[in-house]
Undergrad: 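First, the structure itself, so that you have it in front of you.
Numbering of ligands and ligand atoms starts at 1, following listing order. A quick note: this is a predicted structure, and the numbers were derived from the prediction, not measured. By convention here, the first residue in the shown sequence is residue 1.
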Amino acid sequence: MSQNIVILPGDGIGPEIVAQAVKVLEHLRDERGLDITMQEALVGGAAIDATGGPLPGETLNLAKAADAVLLGAVGGYQWESLDASIRPEKGLLGLRAGLELFANLRPALLFEELAQASTLRPEVVAGLDILIVRELTGGIYFGQPRGVRTLENGEREGYNTLVYRESEVERIARVAFRAAQKRNGRLCSVDKANVLESTELWREVVNRISSDYPDVEVSHMYVDNAAMQLVRDPKQFDVLVTTNMFGDILSDLASMLSGSIGMLPSASLDKNNKGMYEPIHGSAPDIAGQDKANPLATILSVAMMLRYSLQQPALADVVETAVQKVLADGLRTADICAAGQTPVSTTQMGDAVLAAL
Ligand code: IPM
Ligand code: MG
């Protein structure tokens, strides 16, 4: 039976980069026997403009029924003044919550060819291969109560709640332990247990379940130190597991180790490995519509989809090898271009990957 993929281009550079990834999927379907159907739907600002809300019921239903979802990016200047409850980002958060995608895998891998594109010295980042496992449906992103209230003296106060249940910590930690077992057997849990009770409990739960994974070496690090260590000596890490917000921040940081945020894919999985796949960069409204954005993170997200949700590891390898080949051939979009090199466009990069497949 065909597997159904819902395509959500979204906003900003989303449609341009997703178009390149769809070309890759079509190629795999037409030339490599990948049995898929694809269906496009609206999310984010595009959905606000068309329907008044960032996550139409139809989109959520399609995504729920799908085997996997490919998302570009959401957000842009024109929607920034909207009330927080109907901003484009709510569409993305609604999908994560609605599909129960609690496990966000963000690999930060340095393609050898891009060692020069990192702002860190090549010897610091060469060979980098870390995996950030970010909790995605809890923590301060979703905790209640939240809002802005007016105090008695008339001053306004904004507030959010950082809350984690033991079961939430346990399920994300288990994902991370299992990932570490398949990698180099080292897991670093990142918290702020010296200040925040919620993450003191987080640390306790990680320690408790660690006995189920005797082959994994566990360590703990405060998030401020982790940020510093990621820049100082990123190769000390194998798998990192952390809360929703710390993971958001550290994964952007880690992306620059790998040369460009335009290179990093991600997978957001539910308990059955059904997933939504998206580049970790945002909608980059400043370069939207200019055919300049790097489509490789989205194409690498397709590789993750093939591996985690569609059970096609060989095709995942094919896509990753093709990306490696275009980099080895010297093709660079503007974000990974060194001085003196001429950048290629989004479309040219997509076509090159297609040719390399
Ligand atoms: C990410 C993004 C999102 C997040 C935004 C767009 C809501 O930064 O996927 O990292 O904060 O999770
Ligand atoms: Mg982010």
Undergrad: Is any side-chain N of the basic residue among Arg121 and Glu123 closer than 4.0 Å to the acidic one's carboxylate O?
TA: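 Yes, this pair counts.
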Undergrad: In this structure, does ligand 1 have an atom that sits under 4.0 Å from one of the heavy atoms of Arg134?
TA: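 Right, Arg134 reaches ligand 1.
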Undergrad: In ligand 1, which numbered atoms sit nearer than 4.0 Å to a non-hydrogen atom of Arg96?
TA: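 Reading through ligand 1 atom by atom, the close ones are 1 (C), 4 (C), 9 (O), 12 (O).
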Undergrad: Between atom OG of Ser118 and atom CD1 of Ile336, what is the distance when rounded to the nearest 0.5 Å?
TA: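 Interatomic distance, Ser118 OG to Ile336 CD1, rounded to 0.5 Å: 12.5 Å.
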Undergrad: Check if Arg106 has a non-hydrogen atom at a distance under 4.0 Å from any atom of ligand 1.
TA: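 Under 4.0 Å: yes for Arg106.
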Undergrad: Closest non-hydrogen protein atom to atom 5 (C) of ligand 1, residue and atom name please, with distance?
TA: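 Of the protein heavy atoms, Leu92 CD2, 4.3 Å lies nearest.
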Undergrad: Could Asp129 and Lys235 be called an ion pair, given the rule that one side-chain N must be under 4.0 Å from one carboxylate O?
TA: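 Salt bridge between Asp129 and Lys235, a charged N being under 4.0 Å from a carboxylate O: no.
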Undergrad: Could you find the nearest protein heavy atom to atom 4 (C) of ligand 1 and give me its residue, atom name and distance?
TA: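 Going atom by atom, the protein heavy atom closest to atom 4 (C) of ligand 1 ends up being Tyr141 OH, 3.5 Å.
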Undergrad: Both conditions, 6.0 Å and 45 degrees, for the charged tip of Arg134 above the ring of Tyr141: are they met here?
TA: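 Ring-cation test returns yes.
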Undergrad: Given Leu300, which of Leu109, Val323, Leu264, Val353 fulfils the side chain to side chain contact (heavy atoms under 4.5 Å, CB included) condition?
TA: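 One option only clears the test, and that one is Val323.
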Undergrad: Taking all non-hydrogen atoms of both residues into account, name the closest pair between Ala66 and Val6 and its distance.
TA: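 The answer is CB-CG2, 3.6 Å.
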Undergrad: Closer than 2.8 Å to the Mg ion (ligand 2), do we get an N, O or S atom from Asp252, backbone or side chain?
TA: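 So Asp252 does not count as coordinating the Mg ion (ligand 2).
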Undergrad: Considering non-hydrogen atoms of the protein only, which is the closest contact for atom 8 (O) of ligand 1, and what is the distance?
TA: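 It is Asp248 OD1, 3.2 Å.
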Undergrad: For the Mg ion (ligand 2), find the closest N/O/S atom belonging to Asp248 and write down its atom name.
TA: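 For Asp248, the N, O or S atom at the smallest distance from the Mg ion (ligand 2) is OD1.
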